[in-house]
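To start, the structure itself, in structure tokens.
Because only heavy atoms are used, hydrogens play no part in the values below, and waters and symmetry mates are left out as well, while side chains stay in. Lettering follows sequence order; numbering is per chain, from 1.
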Protein chains: 2
Amino acid sequence: MPSAPSATDTPSADVAVDEGAAPAFSPLYQQIKTLILQRLECGDWKPGEMIPSENDLALRFRVSQGTVRKAIDELAGDNLLIRRQGKGTFVATHAERHVQYRFLKLRSDSGEAQPSERRVLDCRRVRASADVARALQLRSGEAVMQARRVLLFAGIPRVLEDIWLPGQTFKGLTAERMGSYQGPTYAMFELEFGVRMVRADEKLRATAATADHALLLDVAQTSPLLCVERLSFTYNDAPMELRRGFYRTDSHHYHNQLN
Amino acid sequence: MPSAPSATDTPSADVAVDEGAAPAFSPLYQQIKTLILQRLECGDWKPGEMIPSENDLALRFRVSQGTVRKAIDELAGDNLLIRRQGKGTFVATHAERHVQYRFLKLRSDSGEAQPSERRVLDCRRVRASADVARALQLRSGEAVMQARRVLLFAGIPRVLEDIWLPGQTFKGLTAERMGSYQGPTYAMFELEFGVRMVRADEKLRATAATADHALLLDVAQTSPLLCVERLSFTYNDAPMELRRGFYRTDSHHYHNQLN
DNA sequence: CAGTGGTCTAGACCACCAA
DNA sequence: TGGTGGTCTAGACCACTGC
């Protein structure tokens with residue numbers, strides 16, 4: 001451990017001190033990971049920004065560069081940070097061209113394709129139903145923002161989505177703001193509401209189109225649709241968005257890679 | 001690099017020698033990864049077996065332990081190896097209790113659940129249709145094994161699967177052998193045919209039940225089913241199995257985690 | 001050129017496991 | 001107790017980026 005008594009940054013960094021007896025052993029790099037995570041959570045380092053260099057962090061935290069490296073490696077593996085050789089390490093963001101629509105797994109059968117158009121049909125403040133409240137860890141009846149939109153691929157409506165967001169955090173969200181923003185909606189959430197979606201759980205089912213679906217997706221009633229229910233989380237495993245999508249899977253499919 | 005001239009193991013290990021000018025730079029640990037992969041591919045180290053220790057490999061390959069470590073770390077990340085502290089590093093296998101049914105993402109809505117029963121309806125040698133041949137990289141009309149089975153969850157039929165395998169490799173596969181084997185089918189493939197499935201691509205669609213499906217899955221005709229087309233790969237990204245499954249998603253769902 | 005991440009080493013010590 | 005993987009260090013050198 002370097003002896004330099006300067007550049008102390010985190011007075012709370014009791015790193016490298018094994019206190020007490022009962023608490024389970026925690027490797028140094030895990031503690032460093034936690035410290036970095038705290039900076040991300042509290043918005044100290046924002047999406048798209050560069051974080052201090054490995055050497056810098058090593059000095060601040062009073063550990064070797066290799067230890068910081070391992071911490072950053074794991075965070076980069078979780079898509080929380082992005083390393084760029086020669087440039088630095090950056091906070092991941094949904095705004096990047098390369099990883100845009102990271103959570104949208106619908107592909108055209110012939111290969112790629114991204115939504116060509118987005119139509120926001122509705123966005124309003126409502127009271128949370130029981131299941132929405134449960135998913136978002138709110139009290140039943142609490143205010144939530146509810147939006148509905150259609151995604152078009154090559155001019156054809158393929159996805160109908162209902163979205164629920166905590167009313168507290170997303171106060172002021174309107175159909176206008178959702179529709180006019182260029183780029184992924186999750187990028188807008190970062191920029192305008194300071195919320196970064198980190199991971200998500202999806203539950204998929206096959207369902208029959210209702211009259212509503214049929215109209216909005218331009219298919220026959222009772223025709224099969226892929227129902228995708230997504231719960232997205234920010235830092236700290238806090239649920240921040242519930243989304244129920246209905247996908248037309250004629251000539252498109254949901255692609256999943258299993259390791 | 002240690003100077004010990006002993007314990008040479010791989011005469012082909014030109015590791016640490018940057019030859020030529022044109023070929024792109026390849027880190028040492030990548031080359032080590034390749035060497036380990038070759039051992040796995042050629043069946044030198046079989047599923048479930050322990051591979052040599054890090055120190056042993058470091059000596060064989062004439063590199064430092066840290067370099068071997070990084071190579072193994074990545075292979076473990078890809079689920080090709082499994083590290084067990086205090087015991088050693090092992091070749092991953094589908095036979096392990098903990099990761100059984102790793103590729104089956106169907107869960108009951110109330111939580112977990114694994115298939116309680118497996119009924120093999122059919123297994124025979126046929127000529128590959130055009131699309132099966134394309135997926136498995138065979139010539140159209142070449143021999144393939146084709147099987148059909150039903151998976152039951154808590155006594156209820158939930159999954160109907162058609163499976164296609166290269167006839168060459170899976171010669172001798174019968175319904176009897178598929179049905180009587182205890183444990184995952186992929187574990188049997190490892191044990192009896194020396195084929196380990198490493199990863200898979202899945203394409204999901206919502207479809208309407210045909211008369212066939214209705215009968216075998218005990219649902220009404222045209223009722224929505226989740227169609228899961230899976231292409232599984234062995235080492236070297238060689239396609240080794242095509243599987244088309246139809247899932248009943250009443251009270252069950254396909255679960256996916258997005259990072 | 002300086003600064004960043006990427007690779008590689010050599011050695012120390014720790015945690016875990018089995019005999 | 002000895003062997004295995006797991007952590008941590010300190011320092012060297014390389015590859016990439018941008019000024």
Would B/Lys203 and A/Asp109 pass as an ion pair if we require N to O under 4.0 Å? no
For atom [atom1] of [X] and atom [atom2] of [N], their distance in whole Å:
X	N	atom1	atom2	answer
A/Ile82	C/dG5	CD1	P	14 Å
B/Leu28	D/dA15	CG	P	12 Å
A/Leu57	D/dT9	CG	P	14 Å
A/Asn55	D/dG11	CG	C1'	11 Å
A/Asp73	C/dC8	CG	C1'	15 Å
B/Gln65	C/dC14	CD	C1'	13 Å
A/Tyr29	C/dC14	OH	P	18 Å
A/Lys70	C/dC8	NZ	P	17 Å

Side chain of [X] - closest among [options]:
X	options	answer
A/Arg69	C/dG5, D/dT7, C/dT9	C/dG5
B/Met50	D/dT4, C/dC16, C/dT4	D/dT4
A/Ser53	C/dT4, D/dT4, D/dG6	C/dT4

Indicate whether OP1 or OP2 belonging to [N] is found under 4.0 Å from a side-chain N or O atom of [X].
X	N	answer
B/Thr67	C/dT9	yes
B/Lys87	C/dA18	yes
A/Ser64	D/dA10	no

Walking DNA chain D from its 5' end, the first of A/Gly86 and A/Gly66 to be reached, judged by nearest nucleotide, is A/Gly66
Sole residue of A/Glu41, A/Met240, A/Gln38 in side chain to side chain contact (heavy atoms under 4.5 Å, CB included) with A/Tyr235: A/Glu41
Using a heavy-atom cut-off of 4.0 Å across all strands, would you classify B/Arg84 as base, sugar-phosphate, or nothing?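 The answer is sugar-phosphate, as B/Arg84 gets under 4.0 Å only of primed atoms, P, OP1 or OP2.
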is_close_aromatic(A/Tyr247, A/His252), centroid dist under 6.0 Å: no
Taking for B/Gln30 and for A/Thr89 the nucleotide of DNA chain C with the nearest heavy atom, the one nearer the 5' end belongs to A/Thr89
My understanding is that only one of A/Phe103, A/Tyr181, A/Phe189 makes a ring pair (Phe, Tyr, Trp, His ring centres under 6.0 Å) with A/His94; could you say which? A/Phe103
Only pairs under 3.5 Å count here: list side-chain donor-acceptor contacts from residues 85-93 of chain B, not counting sequence neighbours, and write none if there are none.
residue : atom : partner  : partner atom : Å
B/Thr93 : OG1  : B/Ala95  : N            : 2.9
B/Thr93 : OG1  : B/Glu190 : OE1          : 2.6

